[in-house]
Peer 1: 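Below you will find the structure I want to go over with you.
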Amino acid sequence: MDAARYPDGSLTHPPHPVGPGGKEPVGTVDLSDYTAEVVTWTTSTATPPGVREPNTLAIVEFDVDGEPVRAIGQVTTEAVETGDRVRPVYCEELRDPDAGIRAPDSQAWDGFRFEPVA
């Protein structure tokens with residue numbers, strides 16, 4: 001779960017070829033080494049084909065050496081609240097590759113979900 005670091009110290013997730021200051025990235029940071037705070041969340045009960053239902057999503061904010069970076073993603077549980085601490089956990093299939101109109105081999109189906117930290 002990489003974020004790009006730019007010459008001014010800013011971070012973006014996902015990485016972008018040009019950062020907020022107009023410069024190219026100078027490196028990456030693996031956000032899976034950090035915990036984050038839930039900024040806000042929602043639960044979708046009308047999900048796209050192949051996505052679990054209900055599907056709880058959260059916007060989270062990581063603090064990487066004093067620099068904030070936000071990400072959005074699925075949460076492993078419906079029991080999440082604003083202010084909760086979460087960590088990214090790898091998931092092989094965020095959705096069923098056999099559902100929908102795309103050929104299963106046409107894209108990656110893996111990624112990260114956010115799991116509450118006890």
Side-chain angles (χ1 to χ4, degrees):
M1 183 169 188
D2 288 338
R5 186 182 297 275
Y6 300 93
D8 65 359
S10 63
L11 299 166
T12 64
H13 174 78
H16 299 283
V18 178
K23 304 285 185 176
E24 293 182 5
V26 294
T28 60
V29 174
D30 185 355
L31 296 177
S32 66
D33 293 336
Y34 294 84
T35 60
E37 182 177 324
V38 174
V39 175
T40 190
W41 61 274
T42 189
T43 299
S44 173
T45 56
T47 62
V51 175
R52 67 186 180 166
E53 189 179 317
N55 187 29
T56 299
L57 303 165
I59 296 174
V60 303
E61 184 171 272
F62 293 89
D63 180 340
V64 179
D65 303 324
E67 188 65 32
V69 60
R70 289 186 176 185
I72 185 170
Q74 295 178 349
V75 183
T76 60
T77 177
E78 292 180 55
V80 66
E81 296 293 335
T82 300
D84 285 354
R85 300 296 302 171
V86 294
R87 67 183 180 93
V89 292
Y90 179 74
C91 179
E92 278 190 34
E93 288 185 2
L94 293 173
R95 66 187 300 173
D96 180 359
D98 294 323
I101 60 173
R102 291 191 171 191
D105 294 338
S106 70
Q107 66 186 43
W109 301 95
D110 65 334
F112 287 84
R113 287 185 176 139
F114 298 113
E115 177 179 74
V117 176

Peer 1: Under the side-chain hydrogen bond (donor to acceptor under 3.5 Å, both in side chains) rule, what do T82 and T40 come out as? Steps first, then yes or no, please.
Peer 2: CA-CA 5 Å; T82 300; T40 190; 4.9 Å; no
Peer 1: Other residues, nucleotides and ligands only: do more than 12 of their heavy atoms fall within 6.0 Å of CD on E93?
Peer 2: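 Result for CD/E93: enclosed.
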Peer 1: Out of curiosity, H16 NE2 to S10 OG, how far, rounded to the nearest 0.5 Å?
Peer 2: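 OG of S10 is found 10.5 Å from NE2 of H16.
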Peer 1: How close do G66 and P68 get, counting heavy atoms only, and between which atoms?
Peer 2: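 Smallest interatomic distance, heavy atoms only, reads O-CD, 3.7 Å.
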Peer 1: For T76 versus E115, what's the shortest heavy-atom pair and its separation?
Peer 2: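 So the minimum-distance heavy-atom pair works out to OG1-CA, 3.5 Å.
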Peer 1: Looking only at heavy atoms, which two atoms of R52 and T47 are closest? And how far apart?
Peer 2: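 Looking at all heavy atoms of both residues, the shortest contact is O-CG2, 3.2 Å.
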Peer 1: Do L31 and V86 belong together in a cluster built from hydrophobic side chains that touch within less than 4.5 Å?
Peer 2: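 Shared cluster, yes.
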Peer 1: Would you give the length of the straight line joining atom CG of L11 to atom CG of D2, rounded to the nearest 0.5 angstrom?
Peer 2: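 Output value for this atom pair is 11.5 Å.
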Peer 1: When you look at CD of E92, are more than 12 heavy atoms from neighbouring residues, nucleotides or ligands closer to it than 6.0 Å?
Peer 2: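 Open: at most 12 neighbouring heavy atoms sit under 6.0 Å from CD of E92.
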Peer 1: Under a 4.5 Å side-chain heavy-atom rule over Ile, Leu, Val, Met, Phe, Trp and Tyr, are V64 and F114 clustered together?
Peer 2: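 Cluster IDs for V64 and F114 match.
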Peer 1: What are the two closest non-hydrogen atoms of G9 and E67, and how far apart are they?
Peer 2: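 Distance-wise, the nearest heavy atoms are O-CG, 3.2 Å.
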Peer 1: Taking Y90 as the starting point, is it possible to reach I72 by hopping between hydrophobic residues whose side chains are less than 4.5 Å apart?
Peer 2: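 Hydrophobic grouping puts I72 apart from Y90.
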Peer 1: Drop me the distance from W41's CH2 to L57's CG, to the nearest 0.5 angstrom.
Peer 2: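 The distance works out to 11.0 Å.
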Peer 1: Hey, any chance V75 and Y34 share a hydrophobic cluster, counting ILVMFWY side chains that come within less than 4.5 Å of each other, even indirectly?
Peer 2: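 Same hydrophobic cluster.
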Peer 1: Hey, does Q74 have a side-chain heavy atom less than 4.5 Å from the side chain of N55?
Peer 2: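 Contact flag for N55/Q74 side chains = yes.
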Peer 1: Working to the nearest 0.5 Å, report the span between OG1 of T35 and CG of D84.
Peer 2: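 One finds 12.0 Å between OG1 of T35 and CG of D84.
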Peer 1: Side chains of L94 and R113, heavy atoms from C-beta outward: is any pair under 4.5 Å?
Peer 2: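 L94 vs R113: side chains touch.
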Peer 1: Are D33 and F62 side-chain neighbours, meaning at least one heavy-atom pair lies under 4.5 Å?
Peer 2: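 Not in contact.
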Peer 1: What is the distance from atom CZ of R87 to atom OG of S32, rounded to the nearest 0.5 Å?
Peer 2: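 Nearest 0.5 Å value for the CZ-OG distance: 10.0 Å.
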Peer 1: At what distance, to the nearest 0.5 angstrom, does CG of D8 lie from NZ of K23?
Peer 2: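 Answer rounded to 0.5 Å: 9.5 Å.
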Peer 1: Could you pull out the closest heavy-atom pair between P49 and R95, with the gap in Å?
Peer 2: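 For P49 versus R95, the nearest heavy atoms are O-NH2, 2.6 Å.
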Peer 1: Between the main-chain N or O of A4 and the side-chain N or O of H13, is there a donor-acceptor pair closer than 3.5 Å?
Peer 2: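 No; judged by distance alone, with no hydrogens or angles, the pair does not exist.
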Peer 1: Is there a path from V80 to V39 through hydrophobic residues (I, L, V, M, F, W, Y) whose side chains come within less than 4.5 Å of each other?
Peer 2: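 No; tracing contacts between hydrophobic side chains, which count when under 4.5 Å, never links both residues.
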Peer 1: Looking at V38 and E81, what are the two nearest heavy atoms and their distance?
Peer 2: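 Heavy-atom minimum between the residues: CB-O, 3.6 Å.
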Peer 1: Any side-chain heavy atom of F112 within less than 4.5 Å of one from C91?
Peer 2: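 No, their side chains stay 4.5 Å or more apart.
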